[in-house]
Structure formats: structure tokens, C-alpha cells
Enquirer: 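Please see the structure below; I have some questions.
Protein chains get the first letters and strands the later ones, always in sequence-line order, with residue 1 at the start of each. Values below: all heavy atoms of this structure, side chains included; hydrogens, waters and symmetry mates excluded. A quick note: this is a predicted structure, and the numbers were derived from the prediction, not measured.
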Amino acid sequence: MRALRVVLLLVLLGTLAAVALAQGGTPEAGGHEHEHGHEATGVGGHEHEHGHEATGVGGHEHEHDHEATGVGGHEHEHGHEAPDAGVHEHGHETPEAGGHGHGHVHGEGEDEHTHLPIQMYAIKAYFEAPWRDATQPVRIAWQAGLLALVDAALLAWLWRRWWR
Amino acid sequence: MSPVLVLARLYITESMRRQLHLITLFLAVLMLVLPTLFNAFGMTGFDRVTKDVGLTLLSLYAVGMALFLGSTALPGDLEHRTLHPLLARPISRMQYLLGKFLGYLVVMGASMAVLGLALLTALAVLGTHADPAVLIPVALSVLEAGVLGAFCLFASTFCSPALAGVLGCFLYIVGGIPQTFITFFLSSGETQVQGAVVRAIRLFMPHFDVLHLKDPIVHGEAVPEAYLLAAVAYGLVWMVLFLLLADWSFERRDL
């Protein structure tokens, strides 16, 4: 078992080292998180930043881009060549542009699909935050108050037993 | 040294001997590589997904460990006959339970701290930025594990470890149902009866959903300090209640 422990610790340390080393291999360490990549590099066109300011959610930027520039508009802003209409590539030919991703090719409308669930979850999380639950003061406060009384009574009773 | 602290140290040593920390280390490695897994697919918002999945794993780990450790602590000593020589010394049963529980809390707290820091490190290195707020749900998971562990300890004073674990599982599932789920899905039409039953049962059990702050934290919501303090106090009163009940039940037990 001692050997297993040593191996596991080595794996842990190795993973840490690999993660630290991988930092250099992932430009801006952001991948497709456009909001941060753009902020960090300042590359990426004004449309992106407008998208962020307008929504505050992070994820609408592509919809705005498509609307603003038309299908396949991304390649113009970044100076890429889009192989097909509606398909854009990130960071393939402009590594100096802040590493705008990992070279994935997206189909038309894909971004909306991948962003939407996250936005939906964000909205759900906002409305389901426990402190926004109007029923909570009623259902929790009386329970907590009663519990504190029961705790005190039980403690007093047990205390008498302990000292007897 | 106080008997409670001696017993707590004994529990920690025993946990190390049972190799429980190996599970923690395995999970820590997983935490470290989580962002890589999600980023490898070029997912948008991968840091949120990483936080979400990481915190969910941590929460499940805490619940699993609470059910396992809480329900086996006392029966284990009874089974191995190590309880009797202990209680033959001038140690009260309450001190024994407190020592066990304190040791359990230290083990859980240390494990969760390691895992939380692993997640934070992974987010800092491979993610976009490290959000220290992820440690809030981690700390509340420890509190939740404390409540659940205290309940399992109480249940194990009068039933078998397996049944204590099942009861703890039931408590966690019913107590953790989000209020919004009850409001929207168990309050109208055909589900009214089920809703009424769930509400009635939940009157007498801890509402774990009060401690579930994962989703708001993942999506960058700021948690009001007053709420946080109230949630911690709520968890603590339940924990104290279950510990006192455990002592009450254990004192009555004929060993």
C-alpha cells in the first residue's frame, strides 16, 4: 500500500506539473471563452466587445457578429479565409493574434446552439438562487428558531444527566 | 489533552489506515485535469462547465463520504470490540461521540480543502481565471456533510450501518429537493398529493437546498453575506440537534 501511495502522489505531482506546463500550450488559456480571450488580447474586432456589453452574459457575441456582418462574416474581421459560407475558423493563420482558440471549425449557427444552454442555466441559476426564494424566510426561520429551542432544552436535559 | 481531542486524533489515524485519503487523491487528480477535458472539445464557456462539474463531483463526494463514515463509525467500534475498553475508562459516551465526530469533521474538512484547492488551481492554470468564490460551495458542502454525518451517527446508534446509510440517503434526497421544483412541479393538478406529502415530511427534516449555492456561484452571482451567515447557522443547529439526539439514544443503549 505504501508503494501505491507513492505512485498516487507521483501521479498527482505529475499532473500538477503537466497542467502547469500545458499553460504555455494553450494560448490565453481561454480556448473558446471569447469574452476573456478578447479582453486579454484586445484582438477580435469591435463587434465582439459590443456583444458583451449589450448582453452581459457572454455568448451572444456571435449572433451579433452574424447579424452585423452576414454569413461568414467572421473571416473578414480576422483576416481568415473561410472555406465555406457560414463556416469560420479561429486562430489558424494568425497565431500572433492572441491565439483565438484552437483551430476548430464551426458550422453555421453552431455558436448559438452551444451558448444557449449556458445562458439558460445562468437565468435558471439567477432565479433559483436561494436568497431570492420568497418562501424561504417562512419555511426556514421558524424551523431554525424551533430547532435552537429544542437544542437548548435537550442540551440542558443531557447536561443534568452528565453531571449526575 | 482532552479525551475528545485524543479520540478525534485516533479517528484521523484510523481513517489514514483505512486509506480513505486515496479516494481524495484520485479525485484531486481528476479535478486538476477537468478544464483540459472540457477545453479539449473547444466548448464555449468551458470554465463554467468545469466549475459546475467539479463542484457537483465535490458535493457527491462529500455526501458519499458522510453516508459511509457517519453510518460506520460507531458500529465499526462495536463490531471490532474497541468500544468497550474505551468506555471502561473515565470517558463519557458524549465525549466518545464528540471525539468521533470531531475527527470525522477534520477528515472531511481536510479532504474537501484539498479538492477545492485542486479545482481552484486547475481553473487558475488552465481556465480563464481562478474564482475564489468556488470555495464557498465547497465549505457549505463540508457543513452539509457535517449535518448528514451527524444524522447517520444518530441513526447508527439504534440501527445497522446499512439502514443508517439508507436513512441518511433518504434525508439527503428529500431534504435537498429544490423549493422551486416543489413550487412548480408538485403544487398543481395530479401532483398535488405528492407535493403535500413532501412538504409535510420536509417540516421535520433539514432543508439542504438552503446550503446549495453551486449554481449561483458558477454563474457569477454574488452571495449576500447575511444569507451565508444564516445558512451556516441553520446547518449548525441541525448538526447540534443530531449530535444531541445521538447522545440521548446512545446513553439509553445497553452495551
Enquirer: Below 4.5 Å, heavy-atom pairs only: which of Asp52(B), Val237(B), Leu245(B) has the largest tally toward chain A?
Expert: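 It is Val237(B).
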
Enquirer: Would you sort out whether Arg202(B) and Asp209(B) count as a salt bridge (charged side-chain N to carboxylate O under 4.0 Å, His left out), showing the intermediate values?
Expert: CA-CA 11 Å; Arg202(B) 274 164 63 93; Asp209(B) 56 315; 3.6 Å; yes

Enquirer: Testing Leu102(B), Leu98(B), Leu86(B) one by one against Leu7(B) for a side-chain contact (heavy atoms from CB on, under 4.5 Å), which residue passes?
Expert: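 The side-chain contact (heavy atoms from CB on, under 4.5 Å) with Leu7(B) is passed solely by Leu86(B) among Leu102(B), Leu98(B), Leu86(B).
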
Enquirer: Is it the case that Thr24(B) and Tyr61(B) place a side-chain donor and acceptor less than 3.5 Å from each other?
Expert: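 Distance-only check passes for Thr24(B) and Tyr61(B).
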
Enquirer: Need one label for Arg93(B): side chain, backbone, both or neither, based on atoms under 4.5 Å from any heavy atom in chain A.
Expert: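 It is neither, since no heavy atom gets under 4.5 Å.
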
Enquirer: Can you say whether Leu203(B) sits under 4.5 Å from chain A via the side chain, the backbone, both, or neither, judging by heavy atoms?
Expert: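 For Leu203(B), backbone and side chain are both near chain A.
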
Enquirer: Need one label for Val223(B): side chain, backbone, both or neither, based on atoms under 4.5 Å from any heavy atom in chain A.
Expert: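 Both parts, heavy atoms under 4.5 Å.
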
Enquirer: For Met205(B), which atoms come within 4.5 Å of any heavy atom of chain A: side chain, backbone, both, or neither?
Expert: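 Only the backbone of Met205(B) comes within 4.5 Å of chain A.
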
Enquirer: Classify the ring geometry between Tyr96(B) and Phe250(B) as parallel (under 30°), tilted (30 to 60°) or perpendicular (over 60°).
Expert: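 Answer is tilted, since the angle falls between 30° and 60°.
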
Enquirer: When you compare the side chain of Tyr126(A) with that of His219(B), does any pair of heavy atoms fall below 4.5 Å?
Expert: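 No. Closest side-chain heavy atoms not under 4.5 Å.
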
